[in-house]
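Residue numbers run from 1 in the order of the sequence given.
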Amino acid sequence: MTSSTIDTGAGVITVINRFTVEPERQQELVDLLVDATETVIKHLPGFISANLHKSLDGKHVVNYAQWTDQQSLQAMLSHPDCRQHLTDAAAMSHPEPQLYTVASTHHP
């Protein structure tokens, strides 16, 4: 089983998507993203992991997701079931996705 990897040599694509949301809708957004991940996204080729984070002020949700390559990520974004979840998420928040690779890690 592949799991989240934060390593400069891993060669994975990381998507960090910061959603701005009204505090009263934060949990609703998290629930939507969990459902999308569990029912569709995690079953698609190239998926490695998704990790959801809620801001303490209730105004943001961050999805830290990893894919084996950019083509797999693009295929997910084009998948009809995923498109519906993304549309629903955008209706209740302002998503700001960016693609990353790991540049450096530090440990004690």
Non-hydrogen side-chain atoms of [X] and [Y] separated by less than 4.5 Å:
X   : Y   : value
Q27 : K54 : yes
V62 : I16 : yes
D81 : T39 : no
C82 : I41 : yes

| query | Is any NZ, NE, NH1 or NH2 atom of the basic residue among E28 and R25 found under 4.0 Å from an Asp or Glu carboxylate oxygen of the other? | reply |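 Between R25 and E28 there is a salt bridge, with a charged N closer than 4.0 Å to a carboxylate O.
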Provide the closest heavy-atom pair for [X] versus [Y] in the form atom of the first, atom of the second, distance.
X   : Y   : result
H85 : A36 : CG-CB, 3.3 Å
P95 : S93 : CD-O, 3.5 Å
P45 : S72 : O-CB, 3.4 Å

Cluster question for you: counting only ILVMFWY and a side-chain heavy-atom cut-off of under 4.5 Å, with indirect links fine, are [X] and [Y] together?
X   : Y   : value
V15 : L86 : yes
V34 : Y64 : no
L44 : L77 : yes

Strictly distance-based, threshold 3.5 Å: is any side-chain N or O of [X] a donor or acceptor partner for the main-chain N or O of [Y]?
X   : Y   : value
Q71 : G46 : no
N17 : E96 : yes
H79 : Q74 : no

| message | Test side-chain contact (heavy atoms from CB on, under 4.5 Å) on M76 and W67; report intermediate values, then the result. | response | CA-CA 10 Å; M76 179 274 294; W67 290 84; 3.6 Å; yes
| message | Here's a test for you: under side chain to side chain contact (heavy atoms under 4.5 Å, CB included), which of T20, L32, L29 qualifies with V61? | response |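 Among the candidates, only L29 passes.
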Distance check, rounded to the nearest 0.5 Å: [X] atom [atom1] versus [Y] atom [atom2]?
X   : Y   : atom1 : atom2 : result
H53 : N63 : NE2   : CG    : 8.0 Å
S78 : L73 : OG    : CG    : 9.5 Å
H60 : Q26 : NE2   : CD    : 9.5 Å
T14 : Q66 : OG1   : CD    : 4.0 Å
R83 : D88 : CZ    : CG    : 11.0 Å
H43 : T37 : NE2   : OG1   : 9.5 Å

